[in-house]
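Please read these numbers as outputs of a predicted model, since none were measured by experiment. In this chain, residues are counted from 1 in sequence order.
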Amino acid sequence: ALLILAGLPLILRFAVSMPRQLVADIYTDQRILRREPKLPKALSPMAVFLITTLWMGLNLTISIQSQSTVWQLFSICFAGCLLLGAVIDQRTGLLPFQVSIWIGLSGLLYQSLEAPERLTEHLITGILVYLALVGLNQLVFWWRRQQMLGGGDVVLLAATCTVLTLDDVLWALLIATCTGALEGRLRRASVIRFGPHLAFGILSYWLGRVMLA
């Protein structure tokens, strides 16, 4: 309960401070400066209400599952990081590497406690997924002069391999692709911010396979 109550203020705080720090760190990147010349210093009341409602709903969903305490604690951390990344990417178009690093480290801790014999397998999968996506990005950029996935999306997918198998990651990516395509069609936009869709795909698959088991 304390972790749940402490998590929400952290999400709301970092959702505001981290994007501003990111833009400060990459001020030479003209693409970001043109798109986000001035970031708001606070979330709107509606955004705070929606994030709070979603956060409490996620924690309620996690807490009622008949799973181990370790699984529940990790899932709360996992959900918080994905929610934070989704909020930041939706507001700025940037998915911070820090969020993915937190996911990767907590995932390694979870695996070391729940299935230490599979730790090496997950690490190798994460490395291979990262290299494959980077290589695919380079090919798409060479062919069409634009990236298929942003760097933050690639690192996030690699970090989730600490707890998900390759098949799991592909299913999560499929869900994200479908919801992203739906957003693009509804908004009639050729480019969307994919981070929120990745977060939804990963978290819905992580929780769905437990709820439907």
Could you give the distance from [atom1] ([X]) to [atom2] ([Y]), rounded to the nearest 0.5 Å?
{"X": "Leu50", "Y": "Ser44", "atom1": "CG", "atom2": "OG", "value": "8.0 Å"}
{"X": "Leu54", "Y": "Thr61", "atom1": "CG", "atom2": "OG1", "value": "9.5 Å"}
{"X": "Ile51", "Y": "Met56", "atom1": "CD1", "atom2": "CE", "value": "14.0 Å"}
{"X": "Leu173", "Y": "Cys178", "atom1": "CG", "atom2": "SG", "value": "9.5 Å"}
{"X": "Leu203", "Y": "Thr160", "atom1": "CG", "atom2": "OG1", "value": "11.5 Å"}
{"X": "Ile76", "Y": "Cys81", "atom1": "CD1", "atom2": "SG", "value": "12.0 Å"}

Transitive ILVMFWY side-chain link [X] to [Y], under 4.5 Å:
{"X": "Leu113", "Y": "Leu123", "answer": "no"}
{"X": "Val163", "Y": "Ile101", "answer": "no"}
{"X": "Val99", "Y": "Leu105", "answer": "no"}
{"X": "Ile103", "Y": "Leu108", "answer": "no"}

Taking all non-hydrogen atoms of both residues, which atom of [X] and which atom of [Y] are closest, and how far apart?
{"X": "Ser100", "Y": "Val155", "value": "CB-CG1, 3.5 Å"}
{"X": "Leu119", "Y": "Ser112", "value": "CD1-N, 4.3 Å"}
{"X": "Leu95", "Y": "Gly195", "value": "CD2-CA, 4.4 Å"}
{"X": "His197", "Y": "Ala176", "value": "O-CB, 3.2 Å"}
{"X": "Arg118", "Y": "Thr165", "value": "NH2-CG2, 3.5 Å"}
{"X": "Ile62", "Y": "Gln72", "value": "O-NE2, 3.5 Å"}

Discussion item. Under a 3.5 Å cutoff, is there a donor and acceptor pairing between the side chains of Thr162 and His122?
Written reply: no
Compare all side-chain heavy atoms of [X] with those of [Y] and state whether any distance is below 4.5 angstrom.
{"X": "Phe200", "Y": "Leu82", "answer": "no"}
{"X": "Leu198", "Y": "Asp89", "answer": "no"}
{"X": "Leu109", "Y": "Phe74", "answer": "no"}
{"X": "Phe78", "Y": "Tyr110", "answer": "no"}
{"X": "Trp102", "Y": "Leu84", "answer": "yes"}

Discussion item. Considering only residues two or more places apart or on different chains, which pairs with a residue in residues 152-161 satisfy salt bridge (charged side-chain N to carboxylate O under 4.0 Å, His left out)?
Written reply: none
Distance-only donor-acceptor hits, side chain of residues 127-142, under 3.5 Å, sequence neighbours excluded:
residue : atom : partner : partner atom : Å
Asn137  : OD1  : Met148  : N            : 2.9
Asn137  : OD1  : Leu149  : N            : 2.9
Asn137  : ND2  : Leu149  : O            : 2.7

Tabulate below the donor-acceptor pairs under 3.5 Å that side-chain atoms of residues 205-213 make, not counting sequence neighbours, or state none.
residue : atom : partner : partner atom : Å
Tyr205  : OH   : Asp168  : OD1          : 2.9
Trp206  : NE1  : Ser75   : OG           : 2.9
Arg209  : NH1  : Asp168  : OD2          : 2.9

Practice prompt. Have a look at Thr125 and tell me which of Leu166, Leu164, Thr120 forms a side-chain contact (heavy atoms from CB on, under 4.5 Å) with it.
Written response: Leu166
